[in-house]
Amino acid sequence: MKDKTIVAEGLAAYTIERRFGWERHRPDGAPPWDAVRTMCARVVLGEIDDLDGEQSSLLGLYNQRLKEAEGIFAAEPAPLKLQSDTIKGLSDYVSALGRMAGDSRHQIYAVRELLDDIGSHLPWTGSADMQGKAIDQANRELRHMTARQPIRFTRLLLGGERGPADSTFLPGLVTQADELLATDFFDDMNCRYGSYEKWPALCTVYTGGGRGHYLYDADEFDVGIMNEAGDDFLKEPGIVWLGGPYEVEITCGPEMTMQ
């Protein structure tokens with residue numbers, strides 16, 4: 001990245017602007033967007049600082065700008081060039097992470113959250129095309145990196161041809177009726193279509209990372225990325241079939257079918 005300070009200046013300007021406009025809805029009990037936005041910006045800037053082993057103190061610059069803005073009552077939108085340079089800097093950072101060994105998904109996820117948030121702010125929509133491409137790039141890197149992890153996961157197809165059906169990815173090896181019964185996905189389907197007493201299911205188990213690795217079960221972060229991609233995730237290089245599909249039938253008790 002040629003001028004990393006631009007990213008710090010741009011994210012600081014953006015954070016300050018958002019404090020004087022409408023905010024996106026957050027679920028009850030969730031931290032406010034300002035806190036999430038500031039945390040993501042600090043994570044990203046701290047990591048950019050360390051990317052090349054340099055200490056340019058982008059985080060310090062960001063914090064300084066926020067402190068300088070304390071007590072002000074309005075903020076002008078950032079110039080269009082600063083907006084586009086900020087988004088390009090974030091995109092360059094994702095590219096740099098993609099070229100590195102190791103698992104950088106949490107850093108890329110923080111960038112994607114910032115870019116998605118930027119896209120909801122009307123004064124910054126002049127860079128919407130660049131912002132959309134940067135989000136697509138971050139999503140691709142998240143899928144690629146997840147597929148390279150030596151993780152085990154299950155694709156569940158719940159339902160059949162004569163009734164409601166949907167699919168999801170689950171962490172680990174999930175092939176038993178009682179295991180499926182305990183998932184949030186089944187609870188949601190049963191809530192929506194509670195008149196069904198029996199649910200057919202197909203469970204297919206896969207791994208990431210290619211062959212010949214020590215495997216561990218995927219976690220919620222992993223399957224969150226998989227479910228965003230849908231079945232296209234199975235086309236990623238490194239995904240290997242492990243077993244199945246296993247046919248399972250889930251029988252609901254009377255109390256589960258009463259809505």
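Only heavy atoms go into these numbers, but all of them, side chains included; no hydrogens, no water, no symmetry mates.
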Legend entry - Minimal non-hydrogen separation, Thr154 against Gly172, with atom names: OG1-O, 2.6 Å
Inset, instruction - Consider only side-chain heavy atoms of I, L, V, M, F, W and Y, link residues closer than 4.5 Å, and tell whether Leu173 and Val223 are in one cluster. - result: no
Inset, instruction - Please report the C-alpha distance between Phe153 and Leu170 in whole Å, then the side-chain angles of each, then the deciding distance to 0.1 Å, and finally whether the side chain to side chain contact (heavy atoms under 4.5 Å, CB included) criterion is met. - result: CA-CA 6 Å; Phe153 59 94; Leu170 299 170; over 6 Å; no
Inset, instruction - May I ask you to decide if Asp219's main-chain N or O and Asp222's side chain share a donor-acceptor pair within less than 3.5 Å? - result: yes
Legend entry - Gap separating the NE2 atom of His106 from the CD atom of Glu47, nearest 0.5 angstrom: 11.5 Å
Legend entry - Hphob cluster co-occupancy, Tyr109 + Met100, side-chain heavy atoms under 4.5 angstrom: yes
Inset, instruction - Dump the intermediate steps for side chain to side chain contact (heavy atoms under 4.5 Å, CB included) on Asp166 and Leu158, then the final yes or no. - result: CA-CA 6 Å; Asp166 203 354; Leu158 183 63; 6.0 Å; no
Legend entry - Name of the residue among Asn63, Leu61, Leu11 meeting side chain to side chain contact (heavy atoms under 4.5 Å, CB included) with Leu45: Leu11
Inset, instruction - Taking the side chain as every heavy atom from C-beta outward, state whether Lys4 and Tyr93 have any pair of such atoms under 4.5 Å apart. - result: no
Legend entry - Contact check, side chains of Arg65 and Tyr62, non-hydrogen atoms, under 4.5 Å: no
Inset, instruction - Decide whether Ile87 and Leu82 are clustered together by the hydrophobic rule: side chain heavy atoms of Ile, Leu, Val, Met, Phe, Trp, Tyr closer than 4.5 Å, transitively. - result: no
Legend entry - Any side-chain heavy-atom pair of Met130 and Lys133 under 4.5 Å: no
Legend entry - For Leu215 against Ile151, the heavy-atom pair lying closest together: CD2-N, 4.3 Å
Legend entry - Minimum heavy-atom distance between Ala110 and Val44, given as atom pair plus value: CB-CG2, 3.9 Å
Legend entry - Hydrophobic cluster identity match, Leu90 and Ile16, side-chain contacts under 4.5 Å: yes
Legend entry - Carboxylate-amine/guanidinium proximity below 4.0 Å for Asp232 and Lys235: yes
Inset, instruction - For the residue pair Arg155 and Phe233, establish whether any side-chain heavy-atom pair is separated by less than 4.5 Å. - result: no
Legend entry - Donor-acceptor contact present, side-chain Thr146 to main-chain Leu142, <3.5 Å: yes
Inset, instruction - Rounded to the nearest 0.5 Å, what's the gap from NE2 on His144 to CG on Asn139? Could you check? - result: 10.5 Å
Legend entry - Backbone of Ala78 reached by a side-chain donor or acceptor of Gln83 within 3.5 Å: yes
Legend entry - Point-to-point distance, once rounded to the nearest 0.5 Å, from CG of Leu180 to CD1 of Ile250: 4.5 Å
Legend entry - Main-chain N/O of Phe186 paired with Asn190 side-chain donor or acceptor, under 3.5 Å: no
Inset, instruction - Say whether Thr15 and Arg42, considering side chains only, have a donor N or O and an acceptor N or O under 3.5 Å apart. - result: no
Legend entry - Carboxylate-amine/guanidinium contact Lys88 Asp92, below 4.0 Å: yes
Legend entry - Residues Gln64 and Glu68: side-chain donor-acceptor under 3.5 angstrom: yes
Inset, instruction - Of all the heavy-atom pairs spanning Trp199 and Tyr193, show the shortest one and how long it is. - result: CZ2-O, 3.5 Å
Inset, instruction - For Ala75 and Phe20, work out which heavy atoms get closest and say how close. - result: CB-CD1, 3.9 Å
Legend entry - Asn227 side-chain N/O to Phe169 backbone N/O, donor-acceptor pair under 3.5 Å: yes
Please list every donor-acceptor pair under 3.5 Å in which a side-chain atom of residues 200-210 meets a protein atom from a residue at least two apart or in another chain.
none

Legend entry - Stepwise side chain to side chain contact (heavy atoms under 4.5 Å, CB included) check, Leu97 with Val111: CA-CA 11 Å; Leu97 291 174; Val111 172; 5.6 Å; no
Inset, instruction - Begin from the C-alpha positions of Ile48 and Val7 and carry the test side chain to side chain contact (heavy atoms under 4.5 Å, CB included) through to its verdict. - result: CA-CA 10 Å; Ile48 293 176; Val7 180; 4.3 Å; yes
Inset, instruction - Could you grab the distance from atom OG1 of Thr125 to atom CD1 of Ile118, nearest 0.5 Å is fine? - result: 12.0 Å
Legend entry - Distance-minimising heavy-atom pair for Ala165 and Met189: C-CE, 4.0 Å
Inset, instruction - For residues 170-186, pull every pair meeting side-chain hydrogen bond (donor to acceptor under 3.5 Å, both in side chains), keeping only residues two or more places apart or in separate chains. - result: none
Legend entry - Note: Arg112-Asp116 ion pair, threshold 4.0 Å (strictly below): no
Inset, instruction - Enter the distance from Glu141:CD to Gln107:CD here, rounded to the nearest 0.5 Å. - result: 12.5 Å
Inset, instruction - Flag the pair Pro171 / Phe221 as yes when at least one side-chain heavy-atom distance between them is below 4.5 Å, and no otherwise. - result: no
Legend entry - Within one Ile-Leu-Val-Met-Phe-Trp-Tyr cluster: Ile239 and Tyr216, side-chain cutoff 4.5 Å: yes
Inset, instruction - Taking atom types as modelled, find out whether Trp124 and Glu17 have a side-chain donor-acceptor pair closer than 3.5 angstrom. - result: yes
Legend entry - Leu156 side chain near Val174 side chain, heavy-atom distance below 4.5 Å: no
Inset, instruction - Would you check if Ser91 and Gln137 make a side-chain contact, meaning some heavy-atom pair closer than 4.5 Å? - result: yes
Inset, instruction - Measure the spacing between OG of Ser84 and CG of Asp129 and express it to the nearest 0.5 Å. - result: 12.0 Å
Inset, instruction - Keeping the roles fixed (side chain from Arg18, backbone from Asp117), state whether a donor-acceptor pair exists under 3.5 Å. - result: yes
Inset, instruction - Verify the neighbour count for atom CD of Glu249: are there more than 12 heavy atoms of other residues, nucleotides or ligands below 6.0 Å? - result: yes
